[in-house]
Amino acid sequence: MKTYAIDNIRNLALISHGGAGKTSLAEALLFSSGAINRLGNIEAGNTTTDYDPDEIKRQVTINTTLAPLEWQGVKINLLDAPGYFDFVGDVVGALRVVDCALLVVCAVSGVEVGTEKMWGYADDLKLPRAVFINKMDRENADFDKTMSKLQEFFGPSLVPLQMPIGKESSLEGIVDLVEQVGYLFSAEGKEVKKIEIPESLQEKANSLREKLIEAVAETDDELLMKYLEGEELDQEEIHRSLRQGIQQRKIVPILCGAATANLGGITLLEAISRYFPSPADMGPAEGTLPGSDEAIMREPKADQPLSALVYKTLADPYVGRINYFRVYSGTLKPDSQVLNASQDKLERIGQIFTMRGKTQISLQEVPAGDIAAVAKLQHMITGDTFCDRNHPIVYPRPDFPQPVISFAIEPKTKGEEEKVSSGITRFLEEDPTLRLERRAETKQAVLLGLGDLHIEIVANRLAQKFGVEVELSTPRVPYKETIKGQARVEGKHKKQTGGRGQYGHVKLRLIPQEAGKGYEFVNNIVGGAVPGEYIPAVDVGIQGAMESGILGGYEVVDVRVELYDGSYHEVDSSEMAFKIAGSMAFKDGMKKAKPVLLEPYMRVEVTTPEIYMGDVMGELQSRRGRIEGMESRTDGTQVIKSFVPLAEMFGYATDLRSRTQGRGVYVMQLAHYEEVPKNIMEKIIAQ
Ligand SMILES: Nc1nc2c(ncn2[C@@H]2O[C@H](COP(=O)(O)OP(=O)(O)O)[C@@H](O)[C@H]2O)c(=O)[nH]1
Ligand SMILES: [Mg+2]
């Protein structure tokens, strides 16, 4: 593919509630532009951007896929992002490197939970946006209703550039409200025929155009004057201001069509190349000098020092590891050396290329503004910045969400632990929303992610790519044990049957300590009842016994042990004998000192729209949670602060999502340990 100048590049992420038609729309645009010559579809599993076997099997997008196309002198880099929450990390990565987000909305379902969520993500990044009302060919498709819902949710900056001609099975074309003409689509949408606006639509077209012109005029004081004085704006002025209005986020244009039938592909390509911002419009990129917070800028120009950000890393079965990146300044050339400024390592760039789905397309160079890929780098992972080694800069990483759900993971076949962990290590490089923790307290490896499907897919890939089957289960809770009462006990280890025997004898007092104070050993021996040389052995013996308590074998904490008496034997006493005596005495003492089980309590903070607040609190309470307080935010959401036992938190992420239509989020961290209520303790010990 040839090199495009920055003004002729458009970087566009497709985002939506899952199933609105992003992948189908990417396919339609590729087909309309001639980049592919067969229109694939989801049901047949042959689209360009959902090529991964897991995507084909489940008919949902898992990875953001790059799909560049060329349209009348403009290169459009489409990033087809996932819609489901489990894979939102890839949405965040994609939005970080584009200049515009195209929000796809279904003309039947309208604004959905995911529509709002995705809009919010793009809004946080201050990204210009456009909306495509899709599925206009479906029964009950309603352009007007969808448009007014969009305006209701997202404000009056949303204005139509197009309106449909016909609908449902008789969708025929669109009216271009800027040019004031109609376009009829040919079968398969490969061509459009310009027509006059049909008589029956004239009136509605006029009124929508009036709103459009008003919105355009409002982007610029001079235009507004002209408009208010009743003067006609000329076509050239409208074009320029529309483009500027979109770039400055004063206007969010609405377009429409039907992706699977490719009705509206060409007219959308036209709109993208004409009105959507180019990387040059977005101004300089801001980063910092590596290792400091000193801000530095890079102009979006091909002749500046090189700087680029990796937004996605993927292990390709044929090519190996691929890093997808956007160049912000300078030009990346093949066979060059770059500085991985995030890791302070030099890396060798070999070939450079772009990917259209899984198809590699070679490139001579990648100039500022463009998005491309490179393979076989040693260290580079998602979120890294690379640049000219003489002009170091680090860009902020995409703000990936923290993992919220956890599963214990182990190989089905014993002895394959190493395979599991080396496989997961590779996935961690690709996916920053995944985390692996080795928990010493419970002796488990725990995999954390964004949702059940997320983790399930990791497990599948371990099997496919690394040939290791894994078992997923609820992670064990790291309970602890302590005592509530005092006890005086005696431990005697005595074996004196011929030859050298063993003799150790201690008397201990066990006293509960304040929570968190830990273990304390006090030597109160007077008069040498236990000789000094054996006293440390008693301590060691007690500590050994504390590793596995008498209730459920959990670690024992917060106990003070006083050694106050004992006896010894001139010949038969040894360190070992006193160690055993200490251990025996402690175990016995624990039984007599009102032992209890402690469980970890988490500080859980839930953010939810106000309407779900009662429900969310009730749910937390039913999980034995204590509500500590509430706070209202200016955006109409409530923050609920609570303490909940970890043992009750499993499945909470999924539960909260369904209870709040996907709008509630939560964070949690370990707060402290508390005594487990008796009835629950009995159940745990029985297990
Ligand atoms: N009738 C109709 N179906 C569509 C259209 N666009 C997508 N679909 C269907 O909607 C489903 C989801 O489409 P997909 O492209 O995977 O949506 P995504 O999750 O947003 O990528 C698939 O079954 C598509 O065939 C459309 O314009 N018209
Ligand atoms: Mg998709």
Side-chain angles (χ1 to χ4, degrees), residues 12-32 36 38-67 78-91 93-95 101-119 121-122 131-143 146 162 164 166-174 185 187-189 254-268 312 357-358 453 457 662:
L12 188 67
L14 303 177
I15 56 171
S16 81
H17 184 86
K22 300 172 294 296
T23 300
S24 306
L25 186 59
E27 191 71 8
L29 294 176
L30 289 164
F31 181 71
S32 295
I36 55 173
R38 165 188 54 91
L39 186 65
N41 68 68
I42 300 291
E43 283 66 26
N46 60 354
T47 60
T48 308
T49 55
D50 275 5
Y51 61 85
D52 180 284
D54 277 320
E55 296 180 319
I56 293 169
K57 183 172 127 201
R58 297 184 158 79
Q59 303 198 349
V60 302
T61 303
I62 296 168
N63 291 299
T64 286
T65 301
L66 176 60
L78 295 176
L79 274 72
D80 178 25
Y84 290 93
F85 182 81
D86 289 49
F87 313 114
V88 76
D90 260 40
V91 179
L95 289 175
L102 183 62
L103 185 70
V104 180
V105 179
C106 169
V108 182
S109 348
V111 176
E112 296 169 86
V113 174
T115 320
E116 271 187 275
K117 212 154 190 150
M118 296 299 165
W119 175 273
Y121 279 122
V131 176
F132 186 80
I133 300 184
N134 189 34
K135 304 198 188 181
M136 279 304 304
D137 60 339
R138 269 185 57 181
E139 210 172 303
N140 298 323
D142 192 333
F143 180 79
T146 307
Q162 303 174 343
K167 67 168 185 174
E168 300 178 347
S169 58
S170 59
L171 177 71
E172 281 182 282
I174 57 120
F185 308 130
E188 278 217 316
I254 298 178
L255 307 137
C256 65
T260 36
N262 188 26
L263 303 177
I266 289 182
T267 40
L268 176 58
K312 169 125 187 114
K358 63 181 171 190
L453 187 56
I457 281 173

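Each ligand, and each atom within it, is numbered from 1 in the order the structure gives. Basis for what follows: all heavy atoms, side chains included, without hydrogens, waters or symmetry-related copies. All values derive from a computational prediction rather than experimental measurement.
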Per-residue contact class, R138 against ligand 1 - non-hydrogen pairs under 4.0 Å: side chain
Part of I42 with heavy atoms under 4.0 Å of ligand 1, whether side chain, backbone, both or neither: side chain
Worked check of side-chain contact (heavy atoms from CB on, under 4.5 Å) between F87 and L453: CA-CA 9 Å; F87 313 114; L453 187 56; 3.8 Å; yes
May I ask you to list the atoms of ligand 1 that are less than 4.0 angstrom from any heavy atom of [X]?
X: S16; result: 20 (O)
X: A258; result: 27 (O)
X: A259; result: 6 (N), 26 (C), 27 (O)

L39 side, atom CG; S24 side, atom OG - distance, nearest 0.5 Å: 8.5 Å
Euclidean distance, L25 CG relative to L102 CG, rounded to 0.5 Å: 6.5 Å
Would [X] count as being in polar contact with ligand 1, using the rule that some N or O on each side must be under 3.5 angstrom apart?
X: K135; result: yes
X: D80; result: no
X: G19; result: yes
X: G21; result: yes

Residues T48 and E27: side-chain donor-acceptor under 3.5 angstrom: yes
Modelled atom types, side-chain donor and acceptor of T23 and T61, under 3.5 Å: yes
Should [X] and [Y] count as side-chain neighbours, where that means a heavy-atom distance under 4.5 Å?
X: N63; Y: P82; answer: no
X: H17; Y: T115; answer: yes
X: W119; Y: V111; answer: no
X: I174; Y: F185; answer: yes

Metal site the Mg ion (ligand 2): N/O/S of S24 inside 2.8 Å: no
The Mg ion (ligand 2) reached by T23 (N, O or S, under 2.8 Å): yes
Out of [options], indicate the one that has the non-hydrogen atom closest to [atom].
atom: atom 25 (O) of ligand 1; options: Q59, E27, M136, E43; value: E43
atom: atom 7 (C) of ligand 1; options: A107, S24, G264; value: S24
atom: atom 6 (N) of ligand 1; options: T23, N134, T61, L263; value: N134

Q162 and its side chain to side chain contact (heavy atoms under 4.5 Å, CB included) partner, picked from L268, I133, L255, I254: L255
Close approach of D137 to ligand 1, heavy atoms, under 4.0 angstrom: yes
Any N41 heavy atom less than 4.0 Å from ligand 1: no
Closest protein heavy atom (residue, atom, distance) for atom 2 (C) of ligand 1: T260 OG1, 3.2 Å
Check against side chain to side chain donor-acceptor pair (under 3.5 Å), D80 and T65: CA-CA 5 Å; D80 178 25; T65 301; 5.6 Å; no
